[in-house]
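Only this structure's heavy atoms are used, side chains among them; waters, hydrogens and symmetry mates stay out. Proteins get letters first, then strands, A, B, ... in listed order; numbering begins at 1 in each.
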Amino acid sequence: MSEKIKEKFKEILEYYDNNPFLSLIPILNFIQDEEGFISEERIKEISEFLGIKENLIYETLTFYHFLSLEKKDKKTLYICKNISCLLEGAEEILEYLKENKDKLNFDFKECECIGLCDFAPAGLLDFKPLKNLSIEKIKELNEKI
Amino acid sequence: MKKSETLLIKKKYAENIDEYIQKGGFLSLKKVLGDGIPPEKVIEEVKKSGLRGRGGAGFPTGLKWSFIPRDAEKKFLICNADEGEPGTFKDREILLYAPYLLIEGIIISSYAIQAEVSYIYLRKEYKWIYDRIYKAIRETEEIGFLGKNILGSSFNHRIKIFLGAGAYICGEETALLESMEGKKGFPRLKPPYPADKGLFGNPTVINNVETLANIPIIMEMGGENYAKIGVPKSTGTRLISLSGIVRKKGVFEIEQGKITIREIIEDLGEGVKENYHLLGVIPGGISAPPLLPDEIDITYDFESIIEKGSMSGSGAIIVFGFKEDKKNELLKFLKSAVNFFKEESCGKCTPCREGTWAINDILEKIEKRETQIEEGVEIIDGLYKKMKGLCACPLGESCAIITESFLKKYSDVLNLK
Ligand code: SF4
Ligand code: FES
């Protein structure tokens, strides 16, 4: 484990009053956001650091949408396909993404309501909001990444 | 009070702590801690206010607090900022624009139950708001309203933020607790209730963001005065997330029981968009059965909506409809709703885990015309009876209820194809 990661682990544990269980999801979130997935190696390290059995860590992390065991080379764009976004054309956007999969510089995933229904259709990239999406905007985004 | 949108909470929107103080912020905290109002008095005041939880269930807040055993050594308060009910985004507004009001509410509420530590459980989808709240907490610490011996009292308090990792079910309070304990978000069987055995076995109160934001206001005007706003069983204001086919979407604050759903759509939402045909309204997030256009002349409050067979839930109004020639998109719409429940069922209880898939299958069969709508309704009704009261949380039931309701109310539209 690099010094930087170890420092961050300690910082998180301290913030949560040295409670390893309370710190588990925050630590998983940190690794996920930092590295894009959670590797076997990291799970071992987390297990050792927090003193929580590996199988319990697996059980937790496979439950949540935004934690992943799978290594990804590209960023993931989340597109909401729930009711308010559907009413504003989320489907067309998803269709466009599916058709142009090979040309995209990012991965995309459908997701449920992200609390941006007043800016539908909406999405998240790096957990930053993308509001009032359109195919135009997706094209622009693709060039920028 | 007017039907305007700047009533109680919106008046306290502030960019920074100075602006908040200028707007009378922290006066309630000063009153409570500075004057040494005993915790029981605070609970009493909140009971008098008639405040009901704004997260979905509408449980009386003061009563919830009073279940916390006085003598327990460690207690926690958790602010539930995991609004995931599709169509809901009103807590986002408080988190972004009134974080100080929320913080003040958290401190007073924690004092009322004598909790030294509180957590804000923030949904991962709102990670972009994390820094905003973190900063607001820091600012509050810096002026001494958080920390040790707040305002010279013997009360100490710290607020920490806990970021979720993506799971609708964690908005359910016991699933939220499991999640904070590092586990998957399976709702717990109740009893015991969180007030007895909550976070790590300690008495815990879990309140929604908007609920907590109301606390400083109640302490400022007094419970009795607060109860005069709104109607007897639905006091105070409500933040409405308005979305769908209206011209103006967004968060509006309304006085409960004083404005009808139609007025909300017409006056606040500026009406249905051009060329769109109003098919109905979901009055409280996707778990609430739809209301037909001729059912929306009811005032927005807990009871009126229940009387119509739906609920105000999370305060999310989704106005739906299509362009004239696209009515049969309704099924797609309903399928997306059912898919939501199917995806978000945590899997703990068999009737829900399997039932949500079965409902999904029925809709597919209806779409392919292999099943008649009436037949579908019957099957779903059977499934509902197997879920009702037999599951750890209402998710599965909600899926059955709304599907049945949609199929019954819109059988003509769904038969259009
Ligand atoms: S009813 Fe469904 S979502 Fe709720 S606990 Fe059971 S399986 Fe999980
Ligand atoms: S329905 Fe798409 S953000 Fe809420």
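Heavy atoms closer than 4.5 Å to chain A are found in the backbone of B/V319, but not in its side chain. For chain B, the nearby part of A/L124 is the side chain; its heavy atoms alone come within less than 4.5 Å. For a residue to count as touching a neighbouring chain, one of its non-hydrogen atoms must lie under 4.5 Å from one of that chain's; by this rule B/C170 touches chain A with the side chain only. There is no contact between B/L177 and chain A, counting heavy-atom distances below 4.5 Å. In this structure, no portion of B/L334 lies under 4.5 Å from any heavy atom of chain A. Heavy atoms closer than 4.5 Å to chain B are found in the side chain of A/L86, but not in its backbone. Neither the backbone nor the side chain of B/I129 comes within contact range of chain A, judged by heavy atoms closer than 4.5 Å.
Of the residues considered (B/G347, B/A167, B/G84), B/A167 shows the highest number of contacts with chain A, using heavy-atom pairs under 4.5 Å. When the candidates B/G185, B/G321, B/G87, B/G164 are compared by the number of heavy-atom contacts under 4.5 Å with chain A, B/G185 comes out ahead. The most heavy-atom pairs under 4.5 Å with chain B, out of A/P26, A/P129, A/A120, come from A/P129. Per-residue heavy-atom pair counts under 4.5 Å with chain B were compared for A/L22, A/L56, A/L24, and the maximum is reached by A/L22.
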So between chain A and chain B, what donor-acceptor pairs come in under 3.5 Å?
{"from": "A/Y15", "atom 1": "O", "to": "B/K160", "atom 2": "NZ", "distance (Å)": "2.5"}
{"from": "A/Y15", "atom 1": "OH", "to": "B/I161", "atom 2": "N", "distance (Å)": "2.9"}
{"from": "A/Y16", "atom 1": "OH", "to": "B/I161", "atom 2": "O", "distance (Å)": "2.5"}
{"from": "A/D17", "atom 1": "OD1", "to": "B/R158", "atom 2": "NH1", "distance (Å)": "3.0"}
{"from": "A/D17", "atom 1": "OD2", "to": "B/R158", "atom 2": "NH2", "distance (Å)": "3.4"}
{"from": "A/N29", "atom 1": "OD1", "to": "B/K124", "atom 2": "NZ", "distance (Å)": "2.8"}
{"from": "A/N29", "atom 1": "ND2", "to": "B/L163", "atom 2": "O", "distance (Å)": "3.3"}
{"from": "A/N29", "atom 1": "ND2", "to": "B/G164", "atom 2": "O", "distance (Å)": "2.9"}
{"from": "A/D33", "atom 1": "OD1", "to": "B/K124", "atom 2": "NZ", "distance (Å)": "2.9"}
{"from": "A/D33", "atom 1": "OD2", "to": "B/K124", "atom 2": "NZ", "distance (Å)": "3.2"}
{"from": "A/D33", "atom 1": "OD2", "to": "B/K127", "atom 2": "NZ", "distance (Å)": "3.3"}
{"from": "A/E59", "atom 1": "OE2", "to": "B/K184", "atom 2": "NZ", "distance (Å)": "3.2"}
{"from": "A/T60", "atom 1": "OG1", "to": "B/G182", "atom 2": "O", "distance (Å)": "2.5"}
{"from": "A/Y64", "atom 1": "OH", "to": "B/S179", "atom 2": "OG", "distance (Å)": "3.1"}
{"from": "A/Y64", "atom 1": "OH", "to": "B/K183", "atom 2": "O", "distance (Å)": "2.7"}
{"from": "A/Y64", "atom 1": "OH", "to": "B/G185", "atom 2": "N", "distance (Å)": "3.4"}
{"from": "A/H65", "atom 1": "N", "to": "B/G166", "atom 2": "O", "distance (Å)": "2.9"}
{"from": "A/H65", "atom 1": "NE2", "to": "B/E344", "atom 2": "OE1", "distance (Å)": "3.2"}
{"from": "A/H65", "atom 1": "NE2", "to": "B/E344", "atom 2": "OE2", "distance (Å)": "2.7"}
{"from": "A/F66", "atom 1": "N", "to": "B/A165", "atom 2": "O", "distance (Å)": "2.9"}
{"from": "A/S84", "atom 1": "OG", "to": "B/S243", "atom 2": "OG", "distance (Å)": "2.7"}
{"from": "A/E88", "atom 1": "OE1", "to": "B/K273", "atom 2": "NZ", "distance (Å)": "3.2"}
{"from": "A/E88", "atom 1": "OE2", "to": "B/K249", "atom 2": "NZ", "distance (Å)": "2.4"}
{"from": "A/E88", "atom 1": "OE2", "to": "B/K273", "atom 2": "NZ", "distance (Å)": "3.2"}
{"from": "A/E91", "atom 1": "OE1", "to": "B/K332", "atom 2": "NZ", "distance (Å)": "2.8"}
{"from": "A/C113", "atom 1": "O", "to": "B/R123", "atom 2": "NH2", "distance (Å)": "2.9"}
{"from": "A/G115", "atom 1": "O", "to": "B/R92", "atom 2": "NH1", "distance (Å)": "2.8"}
{"from": "A/D118", "atom 1": "OD1", "to": "B/R92", "atom 2": "NH1", "distance (Å)": "2.9"}
{"from": "A/D118", "atom 1": "OD1", "to": "B/R92", "atom 2": "NH2", "distance (Å)": "3.3"}
{"from": "A/D118", "atom 1": "OD2", "to": "B/R92", "atom 2": "NH2", "distance (Å)": "2.7"}

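Using a 4.5 Å heavy-atom threshold, the side chains of A/C113 and B/F340 count as separate. Side-chain atoms of B/F320 and A/L87, non-hydrogen and from C-beta on, do get closer than 4.5 Å to each other. Between A/L116 and B/F89 the shortest side-chain heavy-atom distance does not fall below 4.5 Å.
Put simply, CG on B/L163 and CZ on A/F127 are 8.0 Å apart, with the number rounded to the nearest 0.5 Å.
By the side chain to side chain donor-acceptor pair (under 3.5 Å) test, A/K103 pairs with A/N100, sequence neighbours left out.
Smallest separation of non-hydrogen atoms from B/F162 and A/I25: CZ-CB, 3.9 Å.
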